[in-house]
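Throughout, a chain's letter reflects where its sequence line sits, starting with A, and its residues are numbered from 1.
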Amino acid sequence: MKYKKKGGDVLQIGDNVLVFDIETDGLDTTTAKMKWFGAFSFWDNEYYLFSGDELESIQRLIDAHRVVVGFNSNDFDIPICENNGLNFDYKIRVDLLKTLFKYETRKSVREQLIKVDGKVLKELLPNHKLKTIAEVLKLSVQKGEIDYNIFKQDVYTKLQIKEILKYLYYDVKITKELFEYMYKEFLPMKQFMKPKDQNNYNWFRTSLGSYTYKVICHHAGIEEEYGEHSGRKKYEGGFVSQPAKSTYSGKIYCLDFKSAYPHAFMMGNLYAHGCKCCSDEEKWNGNEMFPVEGKYCTKAPGKIEKVIKKFYNLRMQYKKNKDPREYTVKLIINTMYGISGSSVFTNLYSLTTASDCTLIVREMVKYARRYFSAAGYDVIYTDTDSVYLRDNKDNEKELLYYRDVIIKQIKKNLPFPEDTFDMGVDARIKGIWFFKDEDGEFKKKNYIYLTESDKIEIKGLPLIKSSCSRISQNVYESLKPLIIERGNIKFSREYIEEHVYRLIKQDMGLIANYYKVKHPDQYKSQTSIQCQISVAYGEGEHWLVPNLKLGGAGKSKKYCSLEEAKELCMNDLYLDHIWDTELSPFIRDWQHPKFIRRQQKAKDAYERQQDKIMQTFFKSDLWDSEAVGSDITDEEFLANEMDEVFQ
DNA sequence: GCCTCTCGCCTACC
DNA sequence: ACAGGTAGGCGAGAGGC
């Protein structure tokens, strides 16, 4: 053993867990030689550092522990250790990287559960290097730097050994701290699992879908069986309405059905489709309001529904007591709908259940739309479980009265109405704006609103996407106070232009877009822009300047690095995206260039047609015949033309 | 060459 | 292998004219 050191402050987890890391002479797991082995034991609170040839001592250390924890250890460290003669059989293997992020599918596993300063870890991580994660989570140690060639040597000087041990020690320490951090984050999830899952760290390392499946099966007393991942059968999801106008002001409310999907499951008894306690005729097969496809037990709430109800009430209680476990329970409830549509989770999977759930909520929202509309409200927009409407009467009491009637009517049409089912006021709004696409239609899932307490909310716009240029973000930041002051989001193009050109002059790099790309091998389409970027600039995150002149990716519109962009002049820059996409929502009277082009085309076609008519007219001797004088008006004709063009 | 369409890919909304 | 669908948007490539 090269080194042993007390661990200092340590999280008391009451388990013999070994956090470890190795240093190798290469990255190929089949050929790499383990040169150094470092570990921290939660059993005796000690750090251990070994050179790679001390196999017996290392094995003794491993054998003394039940759980081994590493970073990317399942795919890297453990295979190499095993190839070098170590044995990890029967160890519970916790891989911190795999717990956060699944590399094969580039899917977050638990990143979305960890929040730092109100932001989800998923959005804060440009890559999944241990160093980056340590920085974002503000762990006490940062990963050191070392020239990896040092690990290719066989003989070391004293100084080199000192350097290596220090490096290895810090790596182990970061891994240990990351484990402690995640342990604290996920611990609330432990208690809802069965003892075996608690014991083998399934509460820590499973995906959220698996976690929910295990918890529900355990609590409902059903078998935990798994099926094939059937080539994803699709069914209809939420209903999204198309906005009718570009802007609304006045007394606007955003109402939403509370826990709509869980309540649809409970009130429709949608998991109780296989019961034998009632005949087919006795089962609920829907009605005019909710024409469901399945047949559901009407005698008693099913066992899964009972579990949902139990967790729903538990969440209310936790919420009242400000208990952090609230979020775990919320997670379980909300994930249930997702897994009901995935065949992997055999005993909760039912396409009928999932699609009847979405059907019920679609019909709820449509009913609310119709009802509010009939009661004299302007229904502005709806998405899945929310309703935006304008109250022209300025009478909240009356509005809430109609809300109550709607809830009552919905409950009347479902076999197991729940008292907790309700519609809440999610936001009070002074003004809301929608935007047109290239066909002149108002877009869904894209809008801005200003609340009564002067908060600006932006939904879906390119401005809030991660790829958005810094320049647009900066311009928006300077517009913000004016928007609040004026209660309007629209500005003249000239006004915004001033900001844009001033900023470009300061720093051309501000127009760059953000890209996060996979390894080229992971792309099906080698010609996709993402793959091109990866080939030219490498896997990972890049800020790339769109331009017409140079760069390693793109054909007509090219992308170059910030470094390469130094050779560009103003005329080379591609600014259309900034104007037509990122900032267009804030420009008064803005129209999509494609829309303008098409309109022009329609107009040209109309004029050509007119010429033709005139020619026929003059050529013919039917000067006063009706055949020439068209019986449709110019406006109608233009409308027909436009239809044709838009079709 | 321009236009339109499909598809892969990414990200946001719920 | 290890939740779901809905929607906007970009850009490459194919095919029509």
What contact category does [X] fall into here, base, sugar-phosphate, or nothing, at under 4.0 angstrom with non-hydrogen atoms?
X        : answer
A:Tyr211 : nothing
A:Gly209 : sugar-phosphate
A:Phe239 : nothing
A:Gly227 : nothing
A:Glu236 : sugar-phosphate

Closer than 4.0 Å, any side-chain N/O of [X] to the OP1 or OP2 of [N]?
X        : N      : answer
A:Ser207 : C:dA3  : yes
A:Tyr337 : C:dG5  : no
A:Lys443 : C:dG9  : yes
A:Lys555 : C:dG13 : yes
A:Thr581 : C:dC10 : yes

Let me confirm one number: the [atom1]-[atom2] distance from [X] to [Y], rounded to the nearest 0.5 Å.
X        : Y        : atom1 : atom2 : answer
A:Tyr211 : A:Thr335 : OH    : OG1   : 9.5 Å
A:Tyr296 : A:Phe265 : OH    : CZ    : 9.5 Å
A:Cys468 : A:Leu463 : SG    : CG    : 4.5 Å

Rounded to whole Å, how long is the line connecting atom [atom1] of [X] with atom [atom2] of [N]?
X        : N     : atom1 : atom2 : result
A:Gln600 : B:dC3 : CD    : P     : 13 Å
A:Leu351 : C:dG5 : CG    : C1'   : 12 Å
A:Lys234 : C:dG4 : NZ    : P     : 9 Å
A:His229 : C:dA3 : NE2   : C1'   : 10 Å
A:Glu438 : B:dC5 : CD    : C1'   : 12 Å
A:His577 : C:dG9 : NE2   : P     : 9 Å
A:Glu224 : C:dA1 : CD    : P     : 18 Å
A:Phe434 : C:dG8 : CZ    : P     : 13 Å

Its contact letters, B for base, S for sugar-phosphate only and - for none at protein heavy atoms under 4.0 Å, make nucleotides 9-14 of chain B read SSBSBS
Closest approach of A:Glu111 and A:His128, non-hydrogen atoms and distance?
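Nearest pair, atom of A:Glu111 first, then A:His128: OE2-NE2, 2.6 Å.
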Ring-ring centroid check A:Tyr559 A:Tyr515, cutoff 6.0 Å
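Yes.
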SB check [X] [Y] (cutoff 4.0 Å):
X        : Y        : answer
A:Asp439 : A:Arg598 : yes
A:Asp383 : A:Lys444 : no
A:Arg110 : A:Glu185 : no

A:Val67 and A:Tyr201: CA distance, side-chain angles, deciding distance, side-chain contact (heavy atoms from CB on, under 4.5 Å) verdict
CA-CA 9 Å; A:Val67 184; A:Tyr201 285 74; 3.6 Å; yes
Of all the choices, [options], which nucleotide is nearest to the side chain of [X] once you look at every atom?
X        : options              : answer
A:Ser342 : C:dA12, C:dA3, C:dG8 : C:dA3
A:Thr527 : C:dA12, C:dG8, C:dA3 : C:dA12
A:Gln112 : C:dG8, C:dA12, C:dA3 : C:dA3

Which sits closer to the 5' end of DNA chain C, A:Tyr574 or A:Tyr235, going by the nucleotide each is nearest to?
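Final value for this comparison: A:Tyr235.
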Atom pairs and distances, donor-acceptor, side-chain atoms in residues 90-98 of chain A, under 3.5 Å, two or more places apart:
| from | atom 1 | to | atom 2 | distance (Å) |
| --- | --- | --- | --- | --- |
| A:Lys91 | NZ | A:Ile62 | O | 3.3 |
| A:Lys91 | NZ | A:His65 | O | 2.6 |
| A:Arg93 | NH2 | A:Glu82 | OE2 | 3.3 |
| A:Arg93 | NH2 | A:Phe88 | O | 3.4 |
| A:Asp95 | OD1 | A:Asn72 | N | 2.9 |
| A:Asp95 | OD1 | A:Leu97 | N | 3.0 |
| A:Asp95 | OD1 | A:Lys98 | N | 3.3 |
| A:Asp95 | OD2 | A:Ser73 | N | 3.1 |
| A:Asp95 | OD2 | A:Asn74 | N | 3.0 |
| A:Lys98 | NZ | A:Asp75 | OD1 | 3.4 |
| A:Lys98 | NZ | A:Asp75 | OD2 | 2.9 |

Listed in order of residue number, which residues of residues 186-201 of chain A have a non-hydrogen atom at under 4.0 Å from DNA chain C?
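The stretch gives none, as no residue of it lies under 4.0 Å from the strand.
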Using the six-membered ring of A:Tyr574, assess whether NZ or CZ of A:Lys558 lies under 6.0 Å from its centre and within 45 degrees of the ring axis.
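No, a cation-pi geometry is absent between A:Lys558 and A:Tyr574.
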